[in-house]
Every structure is written in structure tokens, then in C-alpha cells.
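Heads up, the thing below is written out as C-alpha cells.
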Amino acid sequence: MTKRRRDTRPGWDEYFMGIVALVARRSTCLRRKVGALVVKDRRILATGYNGTPSGIRHCSEVGCLRTKRNIPSGERHELCRGLHAEQNVLLQASLHGVSLKGSMMYVTNQPCIICAKMIINAGIKEVVIAGPYPDALAQSFLKEAKVRVRRPR
């Protein structure tokens, strides 16, 4: 009789969070490296990371507008050259005609209020985060819209 080996493969949350960490390494932001991906039925639909729009010079080339203006994290999101990872993953799905209704998002940080509103309207039902972000309004919007937010075990 052979002894059954214990399965050492990562669970789904660990697997997708590992990919999100790798996606975040593509970030062009000087202040925070964020990655996001959207999954449905355990299949990756799209990925995104924070950084400048296509065709715009990266902050590593021209400097960080937010640092230059001494803008704290979690405030004045419009004063930034870049898009958030959550925004980019939604845009990538849109560019390729992929519906995100009923899907899950994995992201390195809790979404801000702007991203939370987009997540709600995209029909995403669950957001799995690796870490916090200082935006209580985003938390309250996601809760009110019944979008589950959790950190993996």
C-alpha cells in the first residue's frame, strides 16, 4: 500500500495573490507598486498595474507629481500621472470585450473610493486584498453595494 503524499500546491487565493504580486512588479509608480487581476470561475480575465497611460512618460523619467506637491497617500487622486491598477484591469477587460459581471478581483491593496465605484459598476462581486489602504469611504461604498472584501488566510 502506498502512502498518499500531501498536496503542496498553493490554494487559489495564494495562487492568484502570487500572480498579483508579480503583476505589481510591472508598475511604473515611484511611491507604491500595485497589481490587480480579475478572475471568474478560477480563470484570469485581465490584469493591471498602476502606472501612466500608454504613450505618456513614466514617473521614473519625469518624477512623481504627488511627491513634488507633497500630497499624502489616499488624497487628491486626480493629481497623479498614473492610473490605479484596478482602473487598468477594468480598462484592459473593456479593450478586449470581456465582461466582468459576477467576477472576483485580487489586488495588492484595498481599492480607493474612485476604484471602488468602478468595481461596483463593473459587477465585480468580491475583492480579495493583500493589504489596507487609508480610505474608509471606499470600504463603506463596497459594503453598501454588497461587494465582499476580504484578506486571504
Side-chain angles (χ1 to χ4, degrees), residues 1-54 56 58-61 64 66-67 72-74 77 80-153:
M1 180 181 232
T2 60
K3 191 173 186 178
R4 186 175 170 171
R5 291 188 325 160
R6 186 167 187 258
D7 190 359
T8 58
R9 298 183 313 156
W12 289 109
D13 283 347
E14 184 181 357
Y15 172 72
F16 290 127
M17 279 302 192
I19 295 170
V20 164
L22 181 61
V23 170
R25 291 177 47 197
R26 290 278 307 154
S27 170
T28 60
C29 181
L30 298 173
R31 291 175 69 163
R32 185 187 300 261
K33 305 288 186 199
V34 180
L37 64 83
V38 178
V39 173
K40 188 169 185 177
D41 300 326
R42 297 182 177 161
R43 301 288 182 250
I44 297 171
L45 302 178
T47 65
Y49 52 86
N50 59 328
T52 56
S54 298
I56 303 295
H58 298 301
C59 297
S60 57
E61 298 173 77
C64 175
R66 294 177 62 79
T67 298
S73 182
H77 298 289
C80 180
R81 295 179 61 81
L83 292 163
H84 289 184
E86 301 93 328
Q87 294 166 341
N88 269 327
V89 76
L90 297 174
L91 290 167
Q92 286 302 309
S94 176
L95 278 171
H96 298 285
V98 177
S99 172
L100 303 181
K101 186 176 183 179
S103 64
M104 295 173 61
M105 179 181 285
Y106 285 82
V107 64
T108 53
N109 297 89
Q110 175 207 297
C112 72
I113 185 59
I114 295 168
C115 293
K117 291 186 280 188
M118 292 178 174
I119 288 165
I120 292 164
N121 274 8
I124 293 170
K125 295 300 176 196
E126 183 173 4
V127 179
V128 183
I129 61 172
Y133 186 75
D135 196 328
L137 187 58
Q139 291 174 358
S140 70
F141 268 51
L142 291 165
K143 183 176 182 178
E144 183 177 347
K146 295 180 178 42
V147 175
R148 182 177 180 212
V149 178
R150 66 180 175 85
R151 290 178 85 164
R153 296 177 196 166

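No experiment lies behind these values; they were computed from the predicted model shown.
Rounding to the nearest 0.5 Å places CG of Leu83 at 11.5 Å from SG of Cys29. We find the SG-CZ distance between Cys64 and Arg31 to be 5.0 Å, quoted to the nearest 0.5 Å. A distance of 9.5 Å separates OG in Ser94 from CD in Gln92, rounded to the nearest 0.5 Å. One finds the NZ atom of Lys40 at 8.5 Å from the NZ atom of Lys101 (value rounded to the nearest 0.5 Å). Separation of atoms CG (Leu137) and CG (Leu142) is listed at 9.5 Å; rounding is to 0.5 Å.
Between Val149 and Gln139, the closest side-chain pair of non-hydrogen atoms is not below 4.5 Å. Met105 has its side chain within reach of Glu86: a pair of non-hydrogen atoms, C-beta onward, lies under 4.5 Å apart. Using a 4.5 Å heavy-atom threshold, the side chains of Pro152 and Met17 count as touching. Between Ile114 and Gln87, some side-chain heavy-atom pair lies under the 4.5 Å cut-off. Within the 4.5 Å cutoff, no side-chain heavy atoms of Val107 are placed close to those of Val128. Contact check for Ile19 versus Ile44: side-chain heavy atoms found under the 4.5 Å cut-off.
Residues Arg43 and Asp41 are not paired through a salt bridge, judged by the lack of any N-O separation under 4.0 Å between the basic side chain and the carboxylate.
Considering all non-hydrogen atoms of both residues, Pro111 and Asp135 come closest at O-CB, 4.5 Å. For the residue pair Ser60 and Leu30, the shortest heavy atom distance occurs at CA-CD2, 4.0 Å. Of all heavy-atom pairs spanning Gly102 and Lys125, the tightest one is CA-CG, 3.8 Å. In this structure, Ile129 and Gln110 approach most closely via the heavy-atom pair CG2-CA, 3.6 Å. Between Arg66 and Pro72 the shortest heavy-atom distance is NH2-O, 3.0 Å. Ala24 approaches Val34 most closely through the heavy-atom pair CB-C, 3.6 Å.
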* Asked: Run the side chain to side chain contact (heavy atoms under 4.5 Å, CB included) check on Lys33 and Arg25 step by step: do they pass?
  -> CA-CA 7 Å; Lys33 305 288 186 199; Arg25 291 177 47 197; over 6 Å; no
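Judged as a ring pair (Phe, Tyr, Trp, His ring centres under 6.0 Å), the pairs with a partner in residues 96-115 (not counting sequence neighbours) are, in order, Phe16-Tyr106.
Crowding of Arg26 atom CZ: a count of heavy atoms from other residues, nucleotides or ligands under 6.0 Å not exceeding 12. Residue Glu61 places its CD atom among more than 12 non-hydrogen atoms of other residues, nucleotides or ligands, all under 6.0 Å distant.
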Side chains of residues 115-122: which donor-acceptor pairs under 3.5 Å do they make with residues two or more places apart or in other chains?
none

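The side chain to side chain contact (heavy atoms under 4.5 Å, CB included) test with Leu100 singles out one residue from Val89, Val39, Ile124, and that residue is Ile124.
No donor-acceptor pair closer than 3.5 Å links the side chain of Arg81 to the backbone N or O of Cys59. One N or O on the side chain of Arg151 and one on the backbone of Ala130 form a donor-acceptor pair closer than 3.5 Å. Using modelled atom types, no side-chain atom of Asn109 and backbone atom of Tyr133 make a donor-acceptor pair closer than 3.5 Å. The closest donor-acceptor contact from the side chain of Asn88 to the backbone of Thr47 lies at 3.5 Å or more, if one exists at all. Listed for the Thr108 side chain is a donor-acceptor partner under 3.5 Å among the backbone atoms of Gly35. Judged purely by atom type and a 3.5 angstrom limit, Ser27 uses its side chain to pair as donor or acceptor with the backbone of Asn50.
Under the 3.5 Å distance criterion, with hydrogens and angles disregarded, a donor-acceptor pair is assigned to the side chains of Ser73 and Arg32.
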